[in-house]
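Below is one structure; the comments refer to it alone.
We name chains A, B, ... by the order of the sequence lines, and we start the count at 1 in each one.
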Amino acid sequence: MVTIRLHNSKTRKKEDFAPIDPENVRMYVCGPTVYDRAHLGNARPVVVFDVLFRLLRHVYGADHVTYVRNFTDVDDKINARAREMQAAGDARDLNTIIRALTDETIDWFHQDMDALGAARPTREPRATEYIGQMIAMIGTLIDRGCAYVEQGHVLFDVHSYREYGALSGRSLEDMIAGARVETAPYKRDPMDFVLWKPSSGDEPGWPSPWGRGRPGWHIECSAMADELLGAEFDIHGGGLDLQFPHHENEIAQSCCAHPDAGFARYWMHNEMVQVEGKKMSKSLGNFFTVRDLLEQGWPGEVIRFVMLSTHYRKPMDWTEEKAKQAEIILRKWFDHLKNSHLDLSVDSLTRYTMEPCVVPDQMIIRALADDLNTAAAISRLHELAKRNDYESINAFLGSMVLLGLIGPKTEIDLLSLSGVGWLGTYDPQLEKKVVRLLFDRQDARKRKDFSRADEIRDALLSAGIVIEDRPDGPEWHVGPNFDPAKLEGLE
RNA sequence: GGCGGGUUGGCGGAGAGGUUACGCAGCGGAUUGCAAAUCCGUGUAGACCGGUUCGAUUCCGGUACCCGCCUCCA
């Protein structure tokens, strides 16, 4: 069995990964707060940990990995967004709006992440379904003297956990020196954080021993991880920006609630996303969602490829140039598969994804096992794609499937017919027209009427259709500048 | 102020103490009616200054610059 090595944020070292129970490898990844479309930054951990999920399934068996990614559907940002909607004329009560808003956002999230080829986690718990577990854990923390009640709030006492700050490598003194901490009157120490807070009448709230209220931000992950994965599990992941305070606080809560367990053994953090070399932010105007990119015409596979071409622990810069390059490479690779006469039907791709019936390349497995070196894996894909023997082609397909660069959502079955599937605009009439024009061109070439032949070729080219004259006749596919309108007047 | 990360050839981007990363672009060639596509060949880069070493882009120290977190954030 391959030994997976992972960079553990907790120790700041690359370590051999040994699961607690190889029969059930357990991973928790922090999911989105659901009040808006997922932006590119939300997508990175989804893709990164999807690759890890796939690798773990490959190594330990598809039925021996439990991957939990939560939806945070109770949060002040959600409340704020719902109030905005009310202010804009939405007559429904706040809780109804919130339910509709979070439901819709979860639906969007699924659509967008599906487009990126991310497999659904084993479990996707919503925070609001685990309020009982949160209240129980908060109660335990109070009983153990790690939390206190003050003015309707329950706060975690950071001084009760000796290791506080270990994950992010900072001491309480350092943090206070930063002096940008909110000092609420109900806090004993500025670094203490909220476990439970009171809700006003119209806000979402649940009855608790401390009055009607709602959970603080961090307790949900501790409670859900505990409920679904146990007090101690293998991997906990998320964006680097969550390392402090979110993950630090999760550790404090979970370890104080279960002093005999160690919570997550391996902590993994992906670096942030940048856009054209700059931090993605609303104020810089370079903030965009996955949906924006999809609507601009970038296939999900292209976005995923760009993500995978940078190692997850380095900042990933999204640039137009990279996306273009990724598209060129993927087109080439899909063309290679298309010409390989493998079964690429949706049914088969579904099967390849669910069962290991196409075997990925060993060097790619080794690259991924080395702390998810996706860039090295891509480099190997280039090598495999150059070869035309049966073994290489199968290893190539198996690796593409493993990396999620091809799957049931990829419209390669259409691609294999005509090439139009890439843009999701498959049109039988168009295909007939192109085939007819190609036939005319062949005819003209036979008659050595090259001006007519070139005229047809140039016309097709200007419509974004690329012709390839192969020894066994012309092939065609849709290029990046496809514009079916330009074929209109052509006969 | 505290903590952390980065700096590789025209561009993107890895690994490894000493042997070609890889891709894109470029250049040369094959092929082609001309192209496209494809194939073959081609690039000795590692911010700066020291140190360790037979040998460092790879290890150690320093300098410069860039970036992130410390506040909601993936």
Side-chain angles (χ1 to χ4, degrees), chain A residues 9 12 29-33 35-36 38-49 69 72 75-78 80 165 167-182 191 217 237-248 269-274 277-282 287 305-306 308-317 319 321-329 331-332 335-336 339 367 370 373-383 385-386 388 444-446 448-451 453-454 457-458 460-461 465-471 474-477 479:
Chain A
S9 305
R12 289 151 219 274
V29 173
C30 292
T33 301
Y35 65 103
D36 207 350
H39 58 257
L40 202 58
N42 291 304
R44 169 114 106 144
V46 172
V47 171
V48 165
F49 293 105
R69 186 183 61 211
T72 299
D75 184 278
D76 288 355
K77 289 192 297 293
I78 299 172
L167 179 70
S168 49
R170 51 189 99 193
S171 66
L172 276 172
E173 295 73 54
D174 291 342
M175 292 185 255
I176 292 160
R180 279 159 78 187
V181 208
E182 172 207 4
M191 294 310 297
W217 172 33
L240 187 61
D241 55 342
L242 293 183
Q243 189 177 41
F244 186 88
H246 184 55
H247 290 160
E248 200 72 73
H269 294 97
N270 61 276
E271 252 286 1
M272 303 289 100
V273 166
Q274 299 181 350
K278 287 186 181 143
K279 180 193 162 99
M280 184 169 76
S281 75
K282 283 178 177 160
F287 184 96
F305 187 100
V306 171
L308 296 185
S309 58
T310 302
H311 186 88
Y312 77 94
R313 283 194 288 111
K314 287 200 166 180
M316 193 218 74
D317 193 10
T319 64
E321 187 54 36
K322 276 190 191 176
K324 279 183 192 159
Q325 274 198 23
E327 180 164 357
I328 289 167
I329 292 163
R331 278 182 187 285
K332 201 190 278 187
D335 217 37
H336 176 63
N339 295 327
D370 180 16
N373 193 339
T374 47
I378 286 173
S379 156
R380 175 64 179 165
L381 281 177
H382 281 291
E383 283 179 40
K386 280 186 198 164
N388 277 310
R445 291 178 74 197
K446 268 183 205 147
K448 302 222 187 274
D449 180 359
F450 295 121
S451 62
D454 290 354
R457 185 187 64 205
D458 293 345
L460 287 170
L461 198 63
I465 288 170
V466 180
I467 297 168
E468 295 168 34
D469 287 323
R470 296 170 187 275
E475 290 274 347
W476 64 284
H477 66 262

- Nearest whole angstrom, please: distance from the P of B:U71 to the CG of A:Asp241. 13 Å
- Note on the structure: From CE of A:Met316 across to C1' of B:G6 the rounded distance in Å is 16 Å
- Taken in chain and number order and not counting sequence neighbours, the residues that satisfy side-chain hydrogen bond (donor to acceptor under 3.5 Å, both in side chains) with A:Asn42 are A:His39
- Item | Distance between P atoms of B:U44 and B:U52 (Å, rounded) | 30 Å
- Task: Counting heavy atoms from C-beta on, name the nucleotide in B:C70, B:C67, B:C73 closest to the side chain of A:Lys77.
- Result: B:C73
- Message: Does A:Gly41 reach a base, just sugar-phosphate, or nothing at all? Heavy atoms under 4.0 Å.
- Response: base
- Determine the Euclidean distance between corresponding C1' atoms of B:C39 and B:U31; express it in Å to zero decimal places. 8 Å
- Item | Counterpart residues, side chain to side chain contact (heavy atoms under 4.5 Å, CB included), relative to A:Ala453 (two or more places apart) | A:Arg441, A:Ala444, A:Arg445
- Note on the structure: note: A:Gln274, atom CD; B:G12, atom P; distance rounded to Å ~ 12 Å
- Note on the structure: Taken to the nearest whole Å, CG/A:Asn373 to C1'/B:A16 is 12 Å
- Message: Run the side-chain hydrogen bond (donor to acceptor under 3.5 Å, both in side chains) test against A:Asp458 and tell me which residues pass, sequence neighbours left out.
- Response: none
- Query: Expressed in whole Å, how much space separates the C1' atoms belonging to B:A56 and B:A16?
  - Reply: 11 Å
- Item | Euclidean distance for C1', B:G5 against B:U42 (whole angstrom) | 36 Å
- Query: Is the shortest heavy-atom distance from the side chain of A:Lys324 to the side chain of A:Thr319 under 4.5 Å?
  - Reply: no
- Task: Would you please enumerate the stems RNA chain B participates in, each stem being three or more consecutive Watson-Crick or G-U wobble pairs with both distances under 3.5 Å?
- Result: B:1-7 with B:64-70, B:10-12 with B:22-24, B:26-30 with B:38-42, B:47-51 with B:59-63
- With sequence neighbours left out, what residues match A:Glu383 under salt bridge (charged side-chain N to carboxylate O under 4.0 Å, His left out)? A:Arg380
- Side chains of A:His269 and A:Leu167: closer than 4.5 Å at any heavy-atom pair? yes
- Task: Sequence neighbours left out, what passes salt bridge (charged side-chain N to carboxylate O under 4.0 Å, His left out) with A:Asp317? Give chain and number order.
- Result: none
- Round to a whole Å and report the spacing from CD of A:Glu271 to P of B:C66. 17 Å
- Task: Flag the pair A:Val47 / A:Pro45 as yes when at least one side-chain heavy-atom distance between them is below 4.5 Å, and no otherwise.
- Result: no
- Message: If you assign each of A:Met272 and A:Arg12 to its closest nucleotide in RNA chain B, which residue comes earlier from the 5' end?
- Response: A:Arg12
- Message: With rounding to the closest Å, how many angstrom separate the C1' atoms on B:G12 and B:A25?
- Response: 11 Å
- Task: Specify the separation, in whole Å, of atom OH of A:Tyr312 and atom C1' of B:G5.
- Result: 14 Å
- Note on the structure: Across all chains, not counting sequence neighbours, the salt bridge (charged side-chain N to carboxylate O under 4.0 Å, His left out) partners of A:Asp241 are none
- Item | Protein-nucleotide distance (A:His269, atom NE2; B:C67, atom P), rounded to Å | 23 Å
- Message: Distance check needed: B:G5 P versus A:His311 NE2, whole Å only.
- Response: 14 Å
- Task: Mind checking side-chain hydrogen bond (donor to acceptor under 3.5 Å, both in side chains) for A:Thr72 and listing every partner two or more places apart, or none if nothing turns up?
- Result: A:Asn70, A:Glu220
- Each nucleotide of nucleotides 17-33 of chain B classed B (base within 4.0 Å of a protein heavy atom), S (only sugar-phosphate) or -, in 5' to 3' order, makes ----BSBS--------B
- Begin with the C-alpha distance, continue with both residues' side-chain angles, and end with the deciding distance and a verdict on side chain to side chain contact (heavy atoms under 4.5 Å, CB included) for A:Asn270 and A:Met316. CA-CA 10 Å; A:Asn270 61 276; A:Met316 193 218 74; over 6 Å; no
- Query: Which residues pass the side-chain hydrogen bond (donor to acceptor under 3.5 Å, both in side chains) test with A:Ser168, sequence neighbours left out?
  - Reply: A:Arg170, A:Glu248
- Message: Heavy-atom nearest nucleotide on RNA chain B for A:His246 versus A:Ser168: which residue maps closer to 5'?
- Response: A:Ser168
- Do any side-chain nitrogens or oxygens of A:Lys314 fall under 4.0 Å of OP1 or OP2 in B:G68? no
- Message: For the C1' atoms, the ones on B:C67 and on B:G28, what distance do you get once it is rounded to whole angstrom?
- Response: 41 Å
- Message: Can you check the distance between B:U57 and B:U8, where both ends of the measurement are the P atom (answer in whole Å)?
- Response: 15 Å
- Message: Suppose you measure atom C1' in B:A45 against the same atom in B:C11; what distance do you get, rounded to whole Å?
- Response: 13 Å
- Residues passing the salt bridge (charged side-chain N to carboxylate O under 4.0 Å, His left out) test with A:Asp76, sequence neighbours excluded, are A:Lys197, A:Arg214
- Task: Would you classify A:Val29 as touching base, sugar-phosphate or nothing, given that sugar-phosphate means primed atoms plus P, OP1 and OP2, and contacts are heavy atoms under 4.0 Å?
- Result: nothing
Contacts under 3.5 Å, N or O only, protein and nucleotides 56-61 of chain B:
none

